[in-house]
Colleague: 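What follows is a single structure, and I will ask about it in a moment.
Every chain is numbered from 1 and lettered A, B, ... according to where its sequence line falls, protein lines coming before strand lines.
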Amino acid sequence: MNPMRPKILATIRKIPRGGVSTYGAVARAAGYPGGARRVASVLRGSRDLPWHRVLGAGGEIKLTGDAAFEQRFRLQSEGVSFRGRRVDMSQHEYRFGKTKPSFRKRVSR
DNA sequence: ACTGTGACACTGG
DNA sequence: ACCAGTGCCACAG
C-alpha cells in the first residue's frame, strides 16, 4: 500500500540503544531523501519504536513540552549526553550503511 | 482538485 | 543564537 511507512519503520528500529539519528538521516537511509516530515509522521502514529532516538538536525529535540522532557530523560537514561539543548551528535549519532542513493530534484543552486 | 497542516531541513540575515 | 522565508510532500478535509 504505502511502501514508505514500513521502510521508515525498519530504519528507525536499526538505531541502537545509546545511539541517535535525525529525521532527515532516517528518511535518506530509508530511501526517501527529503522525507524528514514523513519520518516524523510515522513516529507519531506507531508504537513500540525507539522514538526518542530520532532528533532534529543538529541533535535538537523537536518535541515540545512534557514530551520533550521525556525524550531527553529517556536518552540520558541510556547514556546519551547533551551539550546544552542538543545531543552531542559527534559522539552518539548512529551511521546507517549508505544505501539506496535515490534521486532528489536539485534545488536552485 | 484545492487548501491547510506538520516530532523537518536549509539558507540568509 | 534567533528568526524569517522557502522547499518538501503525504494526508485529511
Colleague: Hey, does the Lys NZ or Arg CZ of A:R53 hover above the aromatic six-ring of A:Y94, less than 6.0 Å from the centre and inside 45° of the axis?
Modeller: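 Output no; distance or angle outside limits.
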Colleague: Look at the side-chain heavy atoms of Ile, Leu, Val, Met, Phe, Trp and Tyr, link any pair under 4.5 Å apart, and say whether A:F96 and A:L55 land in one connected group.
Modeller: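 The answer is yes; both residues are in one hydrophobic cluster.
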Colleague: Kindly check if the number of other-residue, nucleotide or ligand heavy atoms within 6.0 Å of CZ (A:R13) is above 12?
Modeller: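 Buried by this count: over 12 neighbours within 6.0 Å.
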Colleague: Taking atom types as modelled, is there a side-chain donor on A:S90 or A:D88 under 3.5 Å from an acceptor on the other?
Modeller: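 On atom types as modelled, these side chains qualify, holding a pair under 3.5 Å.
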Colleague: Taking atom P of B:dA9 as reference, at what distance in whole Å does atom CZ of A:R86 sit?
Modeller: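 Atom CZ in A:R86 sits about 12 Å away from atom P in B:dA9.
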Colleague: Kindly give the heavy-atom pair with the smallest separation between A:A27 and A:G35, and that separation in Å.
Modeller: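 Nearest heavy atoms, A:A27 then A:G35: CB-C, 3.5 Å.
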Colleague: Between A:R74 and A:E70 (salt bridge meaning N to carboxylate O under 4.0 Å), is one present in this structure?
Modeller: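 Yes, charged N to carboxylate O under 4.0 Å.
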Colleague: Tell me: CD of A:E60 to C1' of B:dA9, nearest whole Å?
Modeller: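 Spelled out: CD on A:E60 to C1' on B:dA9 is 11 Å.
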Colleague: For A:L9 and C:dA10, give me the distance from atom CG to atom P, rounded to whole Å.
Modeller: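 Answer to the nearest Å: 16 Å.
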Colleague: For atom CZ of A:F82, decide whether the heavy atoms of other residues, nucleotides or ligands shown that lie under 6.0 angstrom number more than 12.
Modeller: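 Check passes, neighbour count above 12.
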Colleague: The side chain of A:N2 is closest to which nucleotide in this list: B:dA9, B:dA7, C:dA10?
Modeller: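 Within the option list, the nearest is C:dA10.
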Colleague: CG of A:L75 versus P of B:dA7: gap in Å, rounded?
Modeller: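 Distance check: A:L75 CG to B:dA7 P gives 18 Å.
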Colleague: Looking only at side-chain atoms of A:T22, point me to the closest of B:dA9, C:dC8, C:dC11.
Modeller: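 The listed nucleotide nearest to A:T22's side chain is B:dA9.
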Colleague: Figure out the CD1/P separation between A:I12 and B:dA7, and round it to whole Å.
Modeller: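 These atoms are roughly 15 Å apart.
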Colleague: Give the rounded distance in Å between these two atoms: NZ of A:K62 and P of B:dA9.
Modeller: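 It is 6 Å, rounded to the nearest whole Å.
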Colleague: Nearest whole angstrom, please: distance from the P of B:dC8 to the CZ of A:R28.
Modeller: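 Rounded to the whole Å, the gap is 15 Å.
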Colleague: Treat a base pair as Watson-Crick or G-U wobble with both distances under 3.5 Å, then lay out DNA chain B in dot-bracket form, 5' to 3', with | for cross-strand pairs.
Modeller: .|||||.||||||
Colleague: With the side chain of A:A40 defined as its heavy atoms from C-beta on, choose the nearest nucleotide among B:dA9, B:dC8, C:dA10.
Modeller: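 The listed nucleotide nearest to A:A40's side chain is B:dC8.
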Colleague: Find the distance A:R37:CZ to C:dC8:C1' and express it as a whole number of Å.
Modeller: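 A:R37 atom CZ is separated from C:dC8 atom C1' by 8 Å.
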